[in-house]
Amino acid sequence: MPLVTPPPGDERLRRIPAGGPVIPPRLVALLALPVVVLLGVCYWWLVQRVEVPADHVLVLIRKVGAALPTDGPDGELVTQQVVLYPALLERLGAKDRTDRYKGIVYAPLAEGRHFFDPFFWERRLYPAINIAQEEIGIKVRKYGRPLPPGKTVATEPDERGPEVEWLPPGRHNLNPLAYEVLRVKPVVIPPGHVGVQTLYHGADPQDPNRYVVAAGERGVQPDVLPPGMYYNNPYVRRIDAIDVRSHTLDLSGADCIRFPSNDSFEILVDCTVEYAIRQDLAPYVLVAIGVHDDIRDKLILPYVRSLCRIEGSKLQARDFIAGETRSVFQKRLFDGLRQQCYAQGIETRSALIRRIVPPQEIAGPISDRQLAEQQIKQYENEMSLALSEAKLVEQQEMQQQNQAIGQANREVVAVVKEADQQKAVALTAAQQRLAVARLNLEAARETAAALLARGRAEAEVRLLQYQAEAEPLRAAIAAYGSGEAYAQFFFYQKLAPALKTVLASTDGPFAEIFRALTPERPAAESSTKGGRP
């Protein structure tokens, strides 16, 4: 190791190694301990710390650990799993060791502060599930065994698919990697309707050939729901709103009833039937018959035509023009229709015969009599018409006056609307200018931030350059103990190559330089050498 020898007699300077001072090992250990502790605290606080904000959850994915075994009876199922759900861990014998295997941790962590090493855990933040007041949430599992054929919901802890229980309105901390939440609106049954329930999940029906099964069995239920709002899981139960209000069926025109009378005359009848679905048999009607169009085509029309032909064939053609026989025919039609439809779940509330068209051969004399009555009414109407004409003139004048007032009002409305449109156009233009100004301001801010960041980066580079240049000089000065010793050494190095001769005289300005650098010697030593300087 090269050594530097200070001038003789300088006790302040000692032999200093060129590599720098040697620090004792004990001092190094004492200084390293707080540094290690500080680095550990910084790593724990800055690297392992996870801040979970409000309305969020933390999902952990373990990176290290044993892989899920695939050599058991559930090997094929295990290879398809990434979520370490409780049933799977229990089947693998690691119910209390959730950190034994690699994969997604089943239970998420709520908001707050948590500490997990990123080298061992992957940390993901997800928003919490918030169910609005007017909806419910259906949990659909993403893990477990596939559902067997015919099953719509997951009832076992290791089955994949929608669950039976639904989430009420509110906040729920769920793992989005383990569950998918479907938001479903409640079923609203309006007034005048009932709800027919069809269960997709339940016991197998004892008699599968029935339209309506027993309560609790899978299929159409016998009980109906009254009007209201119902939270319903569509994977468990379907609710169909059935209108049980009165409906009117008008049989006229092409749908009129045609049948022969007892004396072989063709009779045309226009009929109006009012009916409603029985609430206690609404499930049977929905399954066995259908909706109202099916009720009309499959039930009402065949029964009305059949009853009209049966009862009409018992009467003569003249009986349909007037008299009590017509009323009897209508009553028989209503009673027969009500009796046959009631057993099918349809309540017939009325059956009105509005018009009967008899044969022209017997309708002529009756038409003449009716024509004379109509002429009398016509004369009476003409008298009333003369009185109405006078009122008509007065109404026409009032109408013209009202038209003039209405025209003025329309002009006022047009002017007001035009002013409103101009105001809206001006407001839109101002809002556009404001938006452009905001965009320009945001761009200026981003430009200023970029310039500031670049300036800081350049300043840090310049500082590092200066530090790199000053570091060798500082190390050299530290090696010599002080700046003065280093300056003397530097002076000697520069002066020695240029010095060719040594002056014999100690007088003069040049000798003063050496005299300042050399300590004075004792007088006795000078005399022993013959008095030479």
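Remember, predicted model here, so these are calculated numbers, not experimental data. This chain uses plain numbering: 1 for the first residue, then up along the sequence.
The pair Asp335-Arg332 does not meet the salt-bridge criterion, since no charged nitrogen lies less than 4.0 angstrom from a carboxylate oxygen. For the pair Glu163 and Lys139, the salt-bridge criterion is met [side-chain N within less than 4.0 Å of a carboxylate O]. With respect to Arg238 and Asp240, a salt bridge is recorded, a charged nitrogen being found less than 4.0 Å from a carboxylate O. With salt bridges taken as basic N to acidic carboxylate O contacts below 4.0 Å, one links Glu122 and Arg124.
Taking CD of Gln48 as the reference point, atom SG of Cys42 lies at 12.0 Å (rounded to 0.5 Å).
Annotation for Gln403: atom CD counts as buried by contact number, over 12 foreign heavy atoms lying within 6.0 Å. No more than 12 heavy atoms of other residues, nucleotides or ligands shown are found within 6.0 angstrom of OH on Tyr211. For NZ of Lys63, the number of neighbouring non-hydrogen atoms (other residues, nucleotides, ligands) closer than 6.0 Å is greater than 12. Crowding of Gln407 atom CD: a count of heavy atoms from other residues, nucleotides or ligands under 6.0 Å exceeding 12. At most 12 non-hydrogen atoms from other residues, nucleotides or ligands lie less than 6.0 angstrom from CD of Gln339. Within a 6.0 Å sphere centred on CD of Glu134, heavy atoms belonging to other residues, nucleotides or ligands number more than 12. Heavy-atom contacts from other residues, nucleotides or ligands closer than 6.0 Å to CZ of Phe115 number more than 12.
Between the side chain of Glu159 and the backbone N or O of Thr155 there is at least one donor-acceptor pair closer than 3.5 Å. Judged purely by atom type and a 3.5 angstrom limit, Glu51 has no side-chain atom pairing as donor or acceptor with the backbone of Arg49. No donor-acceptor pair under 3.5 Å is formed between the side chain of Arg141 and the backbone N or O of Arg160. With hydrogens and angles disregarded, no donor-acceptor distance shorter than 3.5 Å links the side chain of Asn175 to the backbone of Pro108. Under the 3.5 Å distance criterion, the side-chain polar atoms of Thr447 are matched with a main-chain donor or acceptor of Ala443. The closest donor-acceptor contact from the side chain of Glu135 to the backbone of Pro186 lies at 3.5 Å or more, if one exists at all.
Considering only heavy atoms from C-beta on, Gln344 comes within 4.5 Å of Tyr303 through its side chain. Using a 4.5 Å heavy-atom cutoff, the side chains of Val269 and Phe259 are in contact. Put simply, the side chain of Leu89 reaches to within 4.5 Å of the side chain of Tyr101, judged on heavy atoms. When side chains are defined from C-beta on, Val415 does not count as touching Lys417, because their heavy atoms never get closer than 4.5 Å. In this structure, Ile189 and Val194 have side chains that are not in contact, with every pair of non-hydrogen atoms separated by 4.5 Å or more. Between Arg123 and Pro118, some side-chain heavy-atom pair lies under the 4.5 Å cut-off. Put simply, the side chain of Ile138 does not reach to within 4.5 Å of the side chain of Tyr179, judged on heavy atoms. Looking at Thr272 and Leu249, their side chains never come closer than 4.5 Å, going by heavy atoms from C-beta outward.
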Mind listing the side-chain donor-acceptor pairs of residues 278-293 below 3.5 Å, one per line with the distance, residues two or more places apart or on another chain?
| from | atom 1 | to | atom 2 | distance (Å) |
| --- | --- | --- | --- | --- |
| Arg278 | NE | Asp280 | OD1 | 3.3 |
| Arg278 | NH1 | Tyr342 | O | 2.8 |
| Arg278 | NH2 | Asp280 | OD2 | 2.7 |
| His292 | ND1 | Tyr275 | OH | 3.4 |
| His292 | NE2 | Asp243 | O | 3.4 |
| His292 | NE2 | His247 | NE2 | 3.3 |

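Nearest heavy-atom pair across Gly144 and Tyr85 is CA-OH, 3.8 Å. Between Ile129 and Ile131, the closest heavy-atom pair is CG2-CD1, 3.8 Å. The heavy-atom pair separating Ala87 from Pro157 by the smallest distance is CB-O, 3.9 Å. Considering all non-hydrogen atoms of both residues, Ile300 and Leu337 come closest at O-CD1, 4.5 Å. Contact record, Ile239 with Gly195: CG2-CA, 4.1 Å, taken as the closest heavy-atom pair. Contact record, Tyr143 with Ala178: CD2-O, 3.6 Å, taken as the closest heavy-atom pair.
For residues 194-204, the pairs satisfying side chain to side chain donor-acceptor pair (under 3.5 Å) are Gln197-Arg237, Asp204-Arg218, with sequence neighbours left out.
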Determine, stepwise, if the pair Leu174 / Val181 fulfils side chain to side chain contact (heavy atoms under 4.5 Å, CB included).
CA-CA 9 Å; Leu174 293 178; Val181 178; 3.8 Å; yes
Assess whether salt bridge (charged side-chain N to carboxylate O under 4.0 Å, His left out) is satisfied between Arg456 and Glu458, documenting all intermediate values.
CA-CA 5 Å; Arg456 288 177 178 174; Glu458 293 177 355; over 6 Å; no
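In this model, a donor atom of one side chain and an acceptor atom of the other lie less than 3.5 Å apart for Asn173 and Arg171. With no hydrogens or angles considered, a side-chain donor-acceptor pair links Asp117 and Tyr43 at under 3.5 Å.
For the pair Arg62 and Trp121, the cation-pi test (distance below 6.0 Å, angle within 45°) is passed.
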